[in-house]
Asks: 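After the structure tokens below, expect a handful of questions from me.
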Amino acid sequence: MFSIRLALKNLFRQKRRNLITIFVIAFAFFGYLFVESIMNGMEEMSFDNIRAFETGDIQIANSEYWEEREELPLENLIHWNNELEETIRQNQGVTGVSPELKFSANLNNGIDEMGVIGVGAIPERYNEVFQTKDYFIEGSLSALDENKAVIGKRLAELMDLEINDYIILLVRTKEDTFNTIDVEIGGIIRTPNPMLNNSIVLLPLELVQQRLNVDNGITMISLKTAPNQEETVIHSLRNKIDEQNLPISVYSWRESAANVIALSTTKKSGIGSIMSVVLLIGMVGIINNVILSALERTSEIGMMKAMGMKEWEIVFVFMVEATGIGILGGLAGCLLGFLGVYWLVNNGFYLEFFGDWSQYGIPIVDRIYGVWNYPAFGYIFIMGVFVALLSSIIPAYWAAHKDPVEAIYHR
Amino acid sequence: MPLLELKKVKKIYQQGKIEVPALRGVDLTVEEGEFTTIFGPSGSGKTTLLNMIGCLDTPTEGEINLNGNKISDLSKKELAMTRRYNIGFIFQSYNLIPVLTAFENVEFAVRLIGNLSEKEMREKVLNLLKEVGLKGKENRRPGELSGGEKQRVAIARALVKKPKIILADEPTANLDSETAQDVIQIMIKMNEELGTTFIFSTHDPQVMEKARRFINLKDGMISSDKRGK
């Protein structure tokens, strides 16, 4: 107990140096907690945006189409009819069913041309699954009922288009012949999903089916499920499809968003690297602190040895002191981190300030918000204290191992 | 049986390829309760001899027996335990812990022994601080004490564990002559009242004359060993 008291008193000995070490550790902890909160927030927002605007909770497609879906082929389509819709809707937990026909097209405004993704949809059904209706700047999704198109704001800006302008979509039919879709713009959207803003043109499903010559063919069906029902619905749908021997497969939104999830895995290793750097900073700070303390207290260490203190007792004093610095640095870091994450969660910051992140595959625009990860506070604190304790052992042992005569007389 | 016995103790330091003898075969016997001074010119081996007796260093040759134990054969850990229970040290530059109060500096030594209750320990430390003239200054840190007062704390720290022997290397070297006399008087008082054996080195003739045994060390050997009144 006396050794602990001595170590704690020693904490106030070199106030400035200890404060600097505590500040360095605190700042490193703060950096970790802040970045971790942003990255988790980014992941959560990315996933939310994908589900709310791109995939829904579940997607149904022909398995061969699924393999080539990035190419947007018009082969291996699903034949959409009331019977199929009924089969899907009968599953408990399904709250929305939206058939889609995705295709590649060239958008022409009369002057310029640019590659886009066309999506044929039924407005009522589309609204059951996606949140797009809440993000109209002009017009509404009912424009599709009037054989009009809906495009993203960014795309409108790029192509210098406004509401009520006419566009021509140059498409290839199922037979690989060229055709055009001439439509008026009936709505402009600006969603938190950059893909929808930049490169999607929403069109009436029937019109698209007719121009692509695919009869009642659709590329995919997106489903919305009741909260936490995703797995149950997937399981029951798969059973039903197997029973009826239908040529389609069921996919979770995670399979659709594999690229973003891969990005999330990279994020985890990134966070691990940041954690390593943070702990390394703490380690260097503590080692430096213990070595300087030992050098300053050489004759004191000699006196302790003369009084009969064993080496491990002297090591213990230094270790408690280092751990004290680790605890104070950790607490200060967690406090700073709390304030930083609180600000991030409540205010967020403008992502555009740092450029267009959608080009890196991160489906977020506007503000990015942090999320609370309370275990991270405990984890980094415990790890920090543990590293402080461990990193003090070698320099403390070096100090305690000094020859008593040399230490007393500072030779 | 004498408290301390040195037989043909030699200490040779290696400086590169050169061997520097610090002690050239010292024979010495000290009985319990003696008040002994070791004097001699700088480089005569006084500090080396005190370090050997204090179990801080081991001889190159020869044998040292303290309280019946052959300390030249002890391991590092055993030497530490011998120092903890049997030897008190008083250093020229006090070597007090600056963050601890006078009370805590003395308490530190008792805690290492750890055989007293909280109340006993407190009483013992306070009594000893009173004995060395530091009543009322128990809660002062070394930075708030004069040189003489610091050395009194160091004396109390050395005495509190009731060691067999107290070794003091130039205990008055950093003090003015008046304070040096005060400090040596406290050492004499403690020697007489508690019967603790003191061996101290000094250059100061006024301090030296207070001893009852005078060992003159010259070139690593005892050149004279006289007893006073």
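The sequence lines fix the lettering, A, B, ..., with proteins before strands; numbering per chain opens at 1. As the structure is a prediction and not an experimental result, all values here were calculated from the model.
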Asks: Is B:Phe108 in contact with chain A via its backbone, its side chain, both, or neither, using a 4.5 Å heavy-atom distance?
Replies: both
Asks: Considering only heavy atoms, which portion of B:Leu112 lies under 4.5 Å from any heavy atom of chain A: side chain, backbone, both, or neither?
Replies: side chain
Asks: Salt bridge or not for A:Arg5 and B:Glu107, using N-O below 4.0 Å?
Replies: yes
Asks: With a 4.5 angstrom heavy-atom cut-off, which part of B:Gln92 approaches chain A: side chain, backbone, both or neither?
Replies: neither
Asks: Considering only NZ, NE, NH1 and NH2 on the basic side and carboxylate oxygens on the acidic side, decide whether B:Arg111 and B:Glu118 come within less than 4.0 Å.
Replies: yes
Asks: If you count heavy-atom pairs under 4.5 Å between each of B:Pro163, B:Pro98, B:Ala158 and chain A, which one has the most?
Replies: B:Pro98
Asks: With sequence neighbours left out, what residues match A:Phe23 under side-chain contact (heavy atoms from CB on, under 4.5 Å)?
Replies: none
Asks: Measuring heavy-atom distances to chain A, does B:Asp169 have an atom under 4.5 Å in its side chain, in its backbone, in both, or in neither?
Replies: side chain
Asks: Between the side chains of A:Glu313 and B:Arg84, is the shortest nitrogen-to-carboxylate-oxygen separation below 4.0 Å, so that they form an ion pair?
Replies: yes
Asks: Quick one: which of B:Lys77, B:Arg157, B:Lys76 has the most heavy-atom pairs under 4.5 Å with chain A, could you say?
Replies: B:Arg157
Asks: Are B:Lys11 and B:Glu61 ion-paired here, with the side-chain N under 4.0 Å from a carboxylate O?
Replies: no
